Amino acid sequence: QVQLVESGGGLVQAGGSLRLSCAASRRSSASNAMGWFRQAPGKERREFVAAISWISGSTSYAGSVKGRFTISRDDATNALYLQMNSLTPEDTAVYYCAAAAFISSLTSIPPRTNYWGQGTQVTVSS
């Protein structure tokens with residue numbers, strides 16, 4: 001099992017920045033790719049935001065966040081990060097950390113994730 005624990009959410013004004021963190025208890029072949037999803041208020045489905053491969057370092061972003069958000073990882077601590085800049089009220093959501101065997105597993109619809117975190121709230125005020 002891999003436990004994922006997010007942190008770093010909060011309230012920020014539009015145009016501001018936040019950095020989310022996700023601590024993974026360990027790495028395994030079932031968590032070779034990690035990423036971020038979000039679920040906005042009133043939405044039924046979690047939306048893919050970004051993903052990164054532990055092995056290659058390759059990344060993938062949703063079009064709505066490309067150029068504003070940056071995903072990164074720390075190999076030494078098994079930590080995942082999401083730097084969010086130029087935030088807008090439309091970015092308000094619960095953000096979830098997730099892990100899967102491949103990036104394609106995270107970007108597929110529905111995603112084929114093996115592990116989820118508990119989520120962290122991000123609220124962007126106008």
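Being a predicted model, the structure only gives us computed values, none of them experimental. For this chain, numbers begin at 1 and follow the sequence in order. Hydrogens, waters and symmetry mates are skipped; everything else that's a heavy atom, side chains included, is used.
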Asks: Locate the shortest heavy-atom distance separating S60 from F48; write the atom from each residue and the value.
Replies: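 The pair with the smallest heavy-atom distance is O-CZ, 3.6 Å.
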Asks: Please assess M34 against I71 for the test side chain to side chain contact (heavy atoms under 4.5 Å, CB included), listing each intermediate value before the final yes or no.
Replies: CA-CA 10 Å; M34 290 185 66; I71 191 170; over 6 Å; no
Asks: May I ask you to check whether R112 and S108 show a side-chain donor-acceptor distance below 3.5 Å?
Replies: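 Side chains of R112 and S108: pair found under 3.5 Å.
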Asks: Are any of the side-chain heavy atoms of D75 and W54 separated by less than 4.5 Å?
Replies: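 Yes, at least one pair of side-chain atoms sits under 4.5 Å.
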Asks: Are R19 and S17 packed together at the side-chain level, in the sense that at least one heavy-atom pair is separated by less than 4.5 angstrom?
Replies: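 No, their side chains stay 4.5 Å or more apart.
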Asks: Could you tell me the separation between the OG atom of S86 and the CZ atom of R68, rounded to the nearest 0.5 Å?
Replies: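 One finds 7.0 Å between OG of S86 and CZ of R68.
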Asks: Ignoring hydrogens, what is the shortest heavy-atom contact between S125 and P89? Give both atom names and the distance.
Replies: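 Between these two residues, the closest heavy atoms are C-CG, 4.5 Å.
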Asks: Whether the side chain of N114 engages the backbone of A30 through a donor-acceptor N/O pair (distance < 3.5 Å, no angle test) should be reported.
Replies: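 Yes.
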Asks: Are L18 and L80 linked, directly or through other ILVMFWY residues, by side chains that come within less than 4.5 angstrom of each other?
Replies: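 Yes.
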Asks: Is the closest side-chain heavy-atom distance between C22 and Y96 below 4.5 Å?
Replies: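 No, every pair of side-chain atoms sits at 4.5 Å or beyond.
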Asks: Give a yes/no verdict on a cation-pi contact between R73 and Y81, requiring under 6.0 Å between NZ or CZ and the six-membered ring centre and an angle within 45° of the axis.
Replies: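 Not flagged: R73 not positioned over aromatic ring of Y81.
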Asks: Out of curiosity, does I52 fall in the hydrophobic cluster containing Y61 (side-chain heavy atoms, cut-off under 4.5 Å, transitive links)?
Replies: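 The answer is yes; both residues are in one hydrophobic cluster.
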Asks: Side chains of E90 and T92: is there a donor and an acceptor less than 3.5 Å apart?
Replies: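 Side chains of E90 and T92: no pair found under 3.5 Å.
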Asks: Taking all non-hydrogen atoms of both residues into account, name the closest pair between S126 and A14 and its distance.
Replies: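 For S126 versus A14, the nearest heavy atoms are CA-CB, 4.3 Å.
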Asks: So, the side chain of R46 versus the backbone of Q39: is there a donor-acceptor pair under 3.5 Å, distance only?
Replies: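 Answer holds: no.
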Asks: Go through it in stages, so that I can follow the logic: the residues are C97 and Y115, the test is side chain to side chain contact (heavy atoms under 4.5 Å, CB included), and I'd like the CA-CA distance, side-chain angles, deciding distance and then a yes or no.
Replies: CA-CA 8 Å; C97 177; Y115 306 104; over 6 Å; no
Asks: Distance check, rounded to the nearest 0.5 Å: R26 atom CZ versus N78 atom CG?
Replies: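 The distance works out to 10.0 Å.
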Asks: Is it the case that one hydrophobic cluster holds both I103 and V49, taking links as side-chain heavy atoms less than 4.5 Å apart, direct or via other members?
Replies: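 Unlinked, I103 and V49 end up in two clusters.
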Asks: Checking side-chain contact (heavy atoms from CB on, under 4.5 Å) between V94 and each of K43, Q118, Q121, which is the one that passes?
Replies: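 The side-chain contact (heavy atoms from CB on, under 4.5 Å) with V94 is passed solely by Q121 among K43, Q118, Q121.
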Asks: What about F37 and V124, same hydrophobic cluster or not, with Ile/Leu/Val/Met/Phe/Trp/Tyr joined at side-chain heavy-atom distances under 4.5 Å?
Replies: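 No, F37 does not connect to V124 through the hydrophobic network.
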Asks: Kindly say whether G119 contributes a backbone atom to a donor-acceptor pair with the side chain of E6 at under 3.5 angstrom?
Replies: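 Yes; judged by distance alone, with no hydrogens or angles, the pair exists.
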Asks: Please test Q83 against L20 for side chain to side chain contact (heavy atoms under 4.5 Å, CB included), starting from the C-alpha separation and ending with a verdict.
Replies: CA-CA 6 Å; Q83 178 65 44; L20 304 183; over 6 Å; no
Asks: Starting from L106, can I reach V2 by hopping between I/L/V/M/F/W/Y residues whose side chains sit under 4.5 Å apart?
Replies: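 V2 and L106: separate clusters.
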Asks: Where the side chain of S25 meets the backbone of Q3, is there a donor-acceptor pair that is under 3.5 Å apart?
Replies: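 A pair under 3.5 Å: yes.
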Asks: Start with the C-alpha gap between F69 and L82, add the side-chain angles, then the distance that decides, and say whether side chain to side chain contact (heavy atoms under 4.5 Å, CB included) holds.
Replies: CA-CA 7 Å; F69 292 10; L82 185 69; 4.1 Å; yes
Asks: Is there side-chain contact between R38 and V65, with at least one heavy-atom pair below 4.5 Å?
Replies: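 A side-chain contact under 4.5 Å exists here.
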